[in-house]
Asker: 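First, the structure itself, so that you have it in front of you.
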Amino acid sequence: MIDPRLVREAPDLIRASQRARGLDESTVDAVVEADERRRATIARYDALRNEQKSLGKGVATAAGEERASLLARTKALSTEVKTAEAEQVAAADRARELLLSVPNIVADGVPPGAEENYVVLEHVGAPRDFAAEGFVPLDHLALGGLHKAIDTERGAKVSGSRFYYLTGIGARLELALVNLAMAHAAEGGFTPMIPPALVKPRAMEGTGFLGQAAQDVYRVESDDLYLVGTSEVPLAAYHSDEILDVADLPLRYAAFSPCYRREAGSYGRDTHGIWRVHWFDKVEMFVFTRPEDAAAEHERLLEREKDFLGLLELPYRVIDTAAGDLGLSAARKYDIEAWIPSREGYGELTSTSNCTDFQARRLGTRMRTGDGTAAVATLNGTLCSMARFIVAVLENHQQSDGSVRVPAALQPYLGGLDVLKPERG
RNA sequence: GGUGGCGUGUCCGAGCGGCCGAAGGAGCACGCCUCGAAAGCGUGUGAGGGUGCAAGCUCUCCGUGGGUUCAAAUCCCACCGCCACCGCCA
């Protein structure tokens, strides 16, 4: 939720943000109008309630005729107060509902417009020239078969399309990546966390996943719970309804959890292999900090992600996502896309968003400052999403004989293994 | 799943239906004292909204949602959560 004060004090700022995202500016007018109505009903209710309270106190001491007439008046007031309260609540609900529908204010410098308007900030490393090396690279599914590491057929048999089993070295590879990622996070001052992957509606709502993104979320109807699509959800909600001491900020967490996504509306897209799946595991970073430090913290998260791809010796590019492609909560988002040989292009491996105080306001996460309280800023960033990193590692480090070179940083987590050799038979 | 108990401010802990946003204590902040500190003494110390240049005035919040009443932290109902014991499962 954006700062309600903006509605009165800077509606043009909201309009500009809507425009950058390619959204309707007229919703701002509706929000302003609802806010005016809300305030008017509050004034009316307050006045009536004040009269009721002050007269009510007189009832206790009054006697005889005076008491009778007081009672008559207060009885009438009682009804009026109830009506006014109902109106006030309705107006407040309406105003809040509209306010909640407004996405976060786009940060300065974000490229405006739709998805394709992203800006490439930098390229790191160069894609391998397999032609020059004299062989045609295999895709990750072929490599996964060769190494008996990925089994999508049985995944489909047991759970349906877009499910898979990681087997043997595939499973070991995931565990190694998890441990490397967690170590890399701890080194950066992030507290390791293992959060619940099933959350209440409040947590889902507060993080902004029940709006446009609702169709992508698995819901467990029998218990009114949701399967999270990212541990950003349980991490963001971790400090909900809490007032944090500003001296404790920033709070940095790194969580390992499964992620579940319905992928509604992506039928037929990326159906090959485990690039786009309904479930994967992920190590995610999350930060609570002061709003004035959020932009700098965002750069830190990006650096940590870049370093991690560096450890895995993957060639990649960094993009500054266009306003129209930002989620509800994000003011700015950087994606890291690694070169994926089988796609003959770059594919998204990580994403880091600065949500400023947008999520925190919904979740009731505040900080105590010298003079009062204020919503904190929240940021999130992928450190390692297992399925896609496995794809990237297998494809980028494959050799002409089908073996796969293990990056030095990963070797200690695979018992010193430096090359994955195809299984025989 | 069953039975019983409990849910109050940062924490502990009081609270006859009106004078309770709420006693008392702890903690914290500031001041006094001290060479400095501790102790001691004094003062202050919840959040959110409306209105106002401001001082201020005012409304809401005592797990959540309903109800009774002129008036509810206080009475009634439902739900949620916590604790204990029993059952069940690991």
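So you know, we letter chains A, B, ... as the sequences are listed, proteins then strands, and number each from 1.
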Asker: Rounding to the closest angstrom, what is the interatomic distance between B/C62 and B/C57 at atom P?
Answerer: 23 Å
Asker: Expressed as a whole number of angstroms, how long is the span from A/Arg202:CZ to B/G63:C1'?
Answerer: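 In whole Å, B/G63 C1' and A/Arg202 CZ are 14 Å from each other.
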Asker: Taking B/G25 as the reference, what is the distance to B/G44 when you measure between their P atoms (whole Å, please)?
Answerer: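 13 Å, rounded to whole Å.
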Asker: Would you kindly say whether A/Arg49 and A/Gln52 are connected by a side-chain donor-acceptor distance under 3.5 Å?
Answerer: yes
Asker: In whole Å, what separates the C1' atom of B/G46 from that of B/G9?
Answerer: 6 Å
Asker: Send over the distance from A/Leu48 CG to B/A71 P, rounded to a whole Å.
Answerer: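 For the pair A/Leu48 CG and B/A71 P, the rounded distance is 13 Å.
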Asker: Let me know the distance between NZ of A/Lys82 and P of B/G66, rounded to the nearest Å.
Answerer: 12 Å
Asker: Paired with B/C57 by Watson-Crick or G-U wobble geometry, both distances under 3.5 Å: which nucleotide is it?
Answerer: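 WC or wobble partner is B/G50.
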Asker: Reckon A/Ser78 has a side-chain N or O less than 4.0 Å from the OP1 or OP2 of B/A71?
Answerer: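 Checking B/A71 against A/Ser78, a side-chain N or O does come within under 4.0 Å of OP1 or OP2.
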Asker: How many whole angstroms separate atom CG of A/Leu55 from atom P of B/A71?
Answerer: 12 Å
Asker: Using purine N1 to pyrimidine N3 plus N6-O4 or O6-N4 for Watson-Crick, or N1-O2 and O6-N3 for G-U wobble, each under 3.5 Å, what pairs with B/U64?
Answerer: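 Here B/U64 is engaged in a pair, and the nucleotide opposite it is B/A78.
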Asker: Watson-Crick or G-U wobble partner for B/C89, using a 3.5 Å limit on both distances?
Answerer: none
Asker: Between A/Glu187 and A/Arg304, does the salt bridge (charged side-chain N to carboxylate O under 4.0 Å, His left out) criterion hold? Intermediate values first, please.
Answerer: CA-CA 10 Å; A/Glu187 180 207 271; A/Arg304 194 120 292 261; 3.5 Å; yes
Asker: When you compare the side chains of A/Gln18 and A/Thr27, does any donor N or O come within less than 3.5 Å of an acceptor on the partner?
Answerer: yes
Asker: Could you measure between the two P atoms, the one in B/G66 and the one in B/C28, and give it in whole Å?
Answerer: 40 Å
Asker: Does B/C20 have OP1 or OP2 sitting under 4.0 Å from an N or O in the side chain of A/Lys53?
Answerer: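 Negative; the distance criterion is not met.
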Asker: Sticking with atom P, work out how far B/A90 lies from B/A84, rounded to a whole angstrom.
Answerer: 23 Å
Asker: Side chains of A/Asp335 and A/Ser351: do they bring a donor and an acceptor to under 3.5 Å?
Answerer: yes
Asker: Look through every strand shown and name the nucleotide pairing with B/U10 as Watson-Crick or G-U wobble, where both distances are under 3.5 Å.
Answerer: B/A26
Asker: Take the protein atom CD of A/Glu51 and the nucleotide atom C1' of B/A71, then report the distance between them rounded to whole Å.
Answerer: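 Taking CD of A/Glu51 and C1' of B/A71, I get 14 Å after rounding.
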Asker: Please determine whether the number of non-hydrogen atoms from other residues, nucleotides or ligands lying under 6.0 Å from atom CZ of A/Phe163 exceeds 12.
Answerer: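 Result for CZ/A/Phe163: enclosed.
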Asker: Report yes or no: do A/Thr41 and A/Glu87 form a side-chain donor-acceptor pair below 3.5 Å?
Answerer: no
Asker: Could you identify the nucleotide paired to B/C33, looking across every strand shown and requiring Watson-Crick or G-U wobble geometry with both distances under 3.5 Å?
Answerer: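 B/C33 is paired with nothing.
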Asker: Does a donor on one side chain and an acceptor on the other come within less than 3.5 Å for A/Asp307 and A/His184?
Answerer: no
Asker: Any ion pair linking A/Lys306 and A/Glu303 (charged N to carboxylate O, less than 4.0 Å)?
Answerer: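 Result for this pair is yes, salt bridge flagged.
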Asker: Can you classify the ring geometry of A/His239 versus A/Phe288 as parallel (below 30°), tilted (30 to 60°) or perpendicular (above 60°)?
Answerer: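 If you compare the ring of A/His239 with that of A/Phe288, the planes turn out perpendicular.
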Asker: For nucleotides 45-51 of chain B, give me one character per nucleotide, 5' to 3': B if any protein heavy atom sits under 4.0 Å from the base, S if the only such contacts are to the sugar-phosphate, - if neither.
Answerer: --SSBSS
Asker: Take atom C1' in B/C20 and the same atom in B/G15, then report the distance between them in whole Å.
Answerer: 8 Å
Asker: Determine the interatomic distance between C1' on B/U10 and the same-named atom on B/G21; round to the nearest Å.
Answerer: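 Looking at atom C1' only, B/U10 and B/G21 are 16 Å apart.
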Asker: Whom does B/G18 pair with, Watson-Crick or G-U wobble, provided both distances fall under 3.5 Å?
Answerer: B/C70
Asker: So, is A/Gln52 near the phosphate of B/A71, with a side-chain N or O under 4.0 Å from OP1 or OP2?
Answerer: yes
Asker: Please give the distance between the P atoms of B/C59 and B/G42 as a whole number of Å.
Answerer: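 Rounded to whole Å, the distance is 33 Å.
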Asker: Nearest-Å distance, CD (A/Glu242) to P (B/C11)?
Answerer: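 Atom-to-atom, A/Glu242 to B/C11, this comes out as 11 Å.
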Asker: Return no unless some side-chain N or O of A/Asn50 is found under 4.0 Å from OP1 or OP2 of B/C59.
Answerer: yes
Asker: Specify the separation, in whole Å, of atom CE of A/Met367 and atom P of B/U10.
Answerer: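 To the nearest whole Å, that distance equals 18 Å.
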